[in-house]
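Side-chain atoms are counted along with the backbone in the values below, which use heavy atoms only and exclude waters and symmetry mates. In what follows, every chain begins at residue 1, and chains take the letters A, B, ... in the order their sequences are listed.
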Amino acid sequence: MNFDLRLPIGIMFSLYGAMLVIYGLISDNAIYERSLGININLVWGTVMLVFGVFMLLLAWRGRKKT
Amino acid sequence: MHIQLGLLDYAILIIYFAFVIGIGWALKRYMKGSADFFMSGRSIPAWVTGLAFLSANLGAQEVIGMAASGAKYGIMTAHFYWVGAIPAMVFLAIFMMPFYYGSKARSVPEYLKLRFDEKTRGFNAITFAVMTVFSSGISLHALARLLELLLGWNYHMSIVISAIIVLVYIFLGGLTSAIYNEVLQFFMIVLGFAPLVFLALKDVGGWSALKEKLIPVATSQGYEAGTWTNSWSHMGTTIANPMGVEWFGMVMGLGFVLSFGYWCTDFLVVQRAMAANSMSAARRTPLIAAVPKMLFPALVILPGMIAIALHNKGGNVIPLGADGTPDYNMTIPALLAKYLPTGLLGIGFTALMASFMSGMAGNVTAFNTVWTYDIYQSYIGKNKSDSHYLWMGRLATVVGIIISVGCAYLASQFNNIMDMLQLVFGFVNAPLFATFLLGMFWRRSTGHGAFFGLLGGTVAAMIFHGMSLAKGAVAGIKGGWITQQFHFHSEMAQNFYMAIVAWSACFALTILISLATKRTKTDAELTGLVYSLTPKPKSEDEPWYQRPVTLGVIILAATLVLNILFW
């Protein structure tokens, strides 16, 4: 089948990651009281962004091969 | 309890469902024949089927239930993974997948037809089809009830919207759509829950602080200090641990009978492996699933353990139910609300919702396949064109979802009916693995032997249930409706021993009846279906990391290490 699942996974998590990073940068720090003072949106958004981009890279490499 | 979702959280939720439906839409053009719709044209790479194999079982009841058990029983809950899943998954990969994938069978019931006879297949197909639509209905009901409770959403609206989303993506993309979305859900669960576990663990002060805080949880209930953090040390007797199960019942009942019965014969999970693009990929599917499976206790059980530790210290972390005791099923939603701010809360909540829906979707895809191939094509509409069966599969998807919605309402109105049905499913499922084991490894076993053995095992389960009762239970739906001969310390123990009895009865009866009846299938007909008559699949030309046996041994060794670490 000519449908690489890594592509939608990559797009979706890059998008989520970017959304969380941006929100983490602009949001009021008061909301991070519950996450023990850690700006978890910024931290985990970065992780998700890296994961998403990594998936996109794999999909791109896979496309080049075929 | 109430969760306040922000605008961003709703955006995350909507984006997720847009992707889910988008994937179904993109797959629509690949659905050319019934084999594409029901079997993904056997074209899916192993990493995808592997993660879907895991995810199909990782419904929300699992996520919520395992956290609840983590709070109630502690790390012993991990036995449902290390004892109750990994060995069976390795066995499926090494010994059973060659028959499922290598024979011409398109479903598990169809394997029974090829190996035994029509009646054995019919029994399995019909009971399985009924079970899947009911399970799908129960997922739907649980989701709508949770959304009502947490977000104040309208129950009926939640049912209709969730049902329509699942309907659309399966109708368009069939099994492939379900599998792809299960993989998406897998990553959502992992990426959504990992930060939750991280924050909760940090809050409690790390693993050693958690261990210390779980001591009073155990001692206040009359157990030894380490009961919540040792998986085997307190399993010598039934009274030493909160599960009320001792090691033999655990290993034989859960580890052997129930676990092998589920992972090796349930078409819901086996269907994922059968969609793989080669024999080698099909065999690697359960092994790829086993790796995250063995680590999942950290993601789903650990939060429950942390919650009870904090709760016990007066944190009131777990909301109280109507009767004033902690409502353990609320553990995960409560932790989401406690630790995650808007943004990440959307991810965690979407992951939870997604797992309800993919649990439902898994059941629907298994249902439409068994209905179309094993019931419709066998008994109602034989020798129709392939496009007719594709059409029937789509129709079965619609009808299956409509019945699921009906079951959801049934569950919301009559709790007893659902308990009764799950009890009956338990009777039917308990002996199943004996039939498959003898079918695959003993060529002398016959169709009559299999059918009446299965029936006898089911009856044995029923009788045993009627004669046994767990401590504190009232005779009736919980057992003891004939006499009260056998007493158990907990319902879980009763259930494990019922499975052992049913399996043994089926095993013995199948052997006896097979020896008394004539073989109806010749050796030639059984080639590819029975171990001794099938050429072994070769894996010498594959690199070591793709060989099922090598991988299986590594996985079992790693599981053993985990057991010893948390002994």
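Formation of a donor-acceptor pair under 3.5 Å by the Y16(A) side chain with backbone atoms of Y16(B) is found in this model. At least one donor-acceptor pair closer than 3.5 Å links the side chain of W44(A) to the backbone N or O of L191(B). Formation of a donor-acceptor pair under 3.5 Å by the Y32(A) side chain with backbone atoms of P341(B) is not found in this model.
Ranked by non-hydrogen atom pairs under 4.5 Å with chain A, the options G346(B), G343(B), A194(B) are led by G343(B). In terms of non-hydrogen atom pairs under 4.5 Å with chain A, the most contact-rich of P195(B), A11(B), G22(B), A337(B) is P195(B). Among the candidates V48(B), V183(B), I347(B), N277(B), the residue making the largest number of heavy-atom pairs closer than 4.5 Å to chain A is I347(B). In terms of non-hydrogen atom pairs under 4.5 Å with chain B, the most contact-rich of I11(A), L36(A), V47(A) is L36(A).
Among residue pairs with one or both ends in residues 9-35 of chain A, none qualify as salt bridge (Lys or Arg N to Asp or Glu O under 4.0 Å); sequence neighbours excluded.
Shown here is W207(B), whose CH2 atom has more than 12 heavy atoms of other residues, nucleotides or ligands within 6.0 Å. Sparse packing is recorded around CG of L7(B), with 12 or fewer heavy atoms of other residues, nucleotides or ligands lying under 6.0 Å away.
Both the backbone and the side chain of K202(B) come within contact range of chain A, each with at least one heavy atom under 4.5 Å from a heavy atom of that chain. Residue contact with chain A, scored on non-hydrogen atoms closer than 4.5 Å, is absent for L196(B). Contact of F198(B) with chain A is made through the side chain alone, with heavy-atom distances under 4.5 Å. Only the backbone of L340(B) comes within less than 4.5 Å of a heavy atom of chain A; no side-chain atom from C-beta onward does. For chain B, the nearby part of L20(A) is the side chain; its heavy atoms alone come within less than 4.5 Å. Both the backbone and the side chain of Y339(B) come within less than 4.5 Å of a heavy atom of chain A.
For a heavy-atom cut-off of 4.5 Å, chain B lies close to M48(A), F51(A), M55(A) in residues 48-56 of chain A.
To the nearest 0.5 Å, the span separating CD1 on I9(A) from CD1 on I23(B) amounts to 7.5 Å. Taking CD1 of I40(A) as the reference point, atom CG of L199(B) lies at 4.0 Å (rounded to 0.5 Å). Considering CG of L42(A) and CG of L344(B), their distance stands at 11.5 Å, rounded to 0.5 Å. One finds the CG atom of L5(A) at 10.5 Å from the CD1 atom of I179(B) (value rounded to the nearest 0.5 Å).
In this structure the side chain of R29(B) never reaches within 4.5 angstrom of the side chain of F3(A), judged on heavy atoms.
For the salt bridge (Lys or Arg N to Asp or Glu O under 4.0 Å) test, no residue two or more places apart in sequence or in another chain qualifies with R394(B). Scored by the side-chain hydrogen bond (donor to acceptor under 3.5 Å, both in side chains) test, N181(B) finds no partners at all (sequence neighbours excluded).
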